[in-house]
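Computation of the quantities below employed the complete heavy-atom set of this structure, encompassing side-chain atoms and omitting hydrogens, waters and symmetry-equivalent molecules. All of these numbers come straight from a predicted model, not from anything done at the bench. Order of the sequence lines fixes the chain letters, A, B, ..., with proteins taken first and strands second; residue numbering starts at 1 for each chain.
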Amino acid sequence: MSSSELILSVENLTVGYNEELISKINLEINTGDVIAVVGPSGIGKTTLLRTIAGLVKPISGDIFCKAPKRGGIGYIPQKLGLVRHTSVYHNVDLGARSGSRFFSEPKTWFKRRSERVTTAVERMGLSDKMNEPVRRLSGGQQRRVATARTLAQRPKLILADEFLSELDEDNISIVLDAVKEYMAASESAMIIVEHNIQRATEISTRLLQIKNGELVEYNPSEMKFDLDGGLI
Amino acid sequence: MDSISLQHVEKGKYQLLIILGLAVFTLLSAVFALGLGSSSNLDMVTSWKIVISDTKKFFLNIDTVADNLWYNLTACISSSSCEDRSLLHGIEREGTNIQNAIIWDWRFPRILTAIVGGIALAVAGALMQGCLGNPLVSPLTLGVASGAALGAAFAIVLGFTILSIPELAIVANAFFFSLVVVTIIIQLGKIRSISAESYILVGIAITFICGAIVSTMQYFATDAQLSQLAHWSFGSLSRPSGGNVILMGLILASLLPTALKWSWDLNTLSMGGDEFAISTGVNPSKIRKNILIVSALMTSIVIAFTGLIGFVGLAAPHMSRLIVGNDFRKLIPCSGLFGAFLMIFADTLGRTLFAPIVIPVGVMLSIIGGPFFMYLLLRRGGHH
């Protein structure tokens, strides 16, 4: 990657629904960053992600996002939200549709869209399942479809909520390799919510832990674990 | 998450044909309605002859038409003594002056209003039902109409007007006050924790507040004012002039493409809610706010001129949904056409059934449309 540039900056953000969950969040995210947010469940990880995505309005503070307004943020929810009775192609196309603009070049719109779909599906290793209905796929394959949908959208910032849980090692490496390949090619950044700290340190370049309602940043390469995988 | 079922995807071409057929049918019923009326010296065949020959002459002598239009726009605005020329001024015509006046000054703007108003209200209804995820929502739910009614009441009872031109005083007031409601909707979008339900509830609250103020004014109003206010609230197509309709049409034409542009985003919203929409790259809160603003604008421009017409915005989207399903790329055009057709049908029936008494279109729509709507819904075994 050439030079990293700012994609998202967060100033004095407080998130939560009725009560404050995390406060005093100050964060600058550059291209190439893979940020893992860790902490026990119910502490506000998903809420933070949803706030950055724009699904929840912040209690206070500002979020400045450099990503394009339309399709610039890709969100992979914990519950995948796939259309189960339609094909893999159709599902991935949903992402490709929001990402590719019709009005910039109407003539090539369909072509551009289907290119996006095929690249993303190939990256996820699902080319042979292209016309299969999603409901016939295994859990791991469905998660790959959801990730492909977000990649086809070509976002500048990927927000993934527990997207490696429920996956076996093979699937994890497929998904991670594909996402990393995409990030290197497109100069984008990623925020992952992950409950497994050990895995979070393996995949991230920056690690954020939620402690007492505030974010503490660690360098993942300096983290040490005991034999049970607990943090020292 | 099965609103857009495979069945509908497969039936795509057939549905496009239906929409096309509906468009032709609506156009034909407009032409038919142009020939239908209570005048004793103008039967249907004569009126069609006049319509056809005048249309021909309009296009053959387009330079004369342009001259007349230019004359109206320039000479007539600077001097108060001149009279507006008809667009076919100076060309020998088929019908007598009275016949021409009935067709072109009376029936034509009326049918055009029915088409423009029907499209606007039905599309606004489809948009609102989609983005708020509630089948009970109509263009009047957000309180835009009650804002307009409040504006009209201010003009009629208190004499408080925004514009001092007497013909446009009520229209301008109604439009201005409905814009106030639109502004409230825009401000609502900025509030934290605003959900689809809160938009509806705030709309109902606005309706009650405006209703209370209007009732208070009615309590102190004179009999003449009361009857004028009641007439306004009936919703009628006889008020807008040809120029008004063209203005309405232009505004609608500028808003419709945006509505169609958002149809896919609406699909994702209605398929799986906010979470699903954002996972496909659509920002739900922004789309919802934009769509509400556009549909509220569409509604307010129409009801400012016509008065309250509510039913078409509720029923037309539902009727279209029974035909083309929940895919907004087809639902929006289909609703528009259905709305236009319903308005033409109801209005034509309203002005011919008990002629020369004209029953307002708002009343007529509910009387014919209501039972038809119920039949359609129940026939499907409670589809909604």
Determine, stepwise, if the pair A/Arg154 / A/Ser186 fulfils side-chain hydrogen bond (donor to acceptor under 3.5 Å, both in side chains).
CA-CA 8 Å; A/Arg154 304 215 173 144; A/Ser186 66; over 6 Å; no

Counting only heavy atoms from other residues, nucleotides and ligands, does the tally under 6.0 Å from OH of A/Tyr182 exceed 12?
yes

Contact part of A/Ile76 toward chain B, heavy-atom cut-off under 4.5 Å: side chain, backbone, both or neither?
neither

Residue among B/Val302, B/Leu314, B/Leu140 satisfying side-chain contact (heavy atoms from CB on, under 4.5 Å) with B/Leu121:
B/Val302

Applying a strict 4.5 Å limit to non-hydrogen atoms, the region of B/Asp274 in contact with chain A is both

Chain A heavy atoms under 4.5 Å from B/Ser279: which part of the residue, side chain, backbone, both or neither?
both

Could you tell me how the ring of B/Phe25 sits relative to the ring of B/Phe341: parallel (under 30°), tilted (30 to 60°) or perpendicular (over 60°)?
tilted

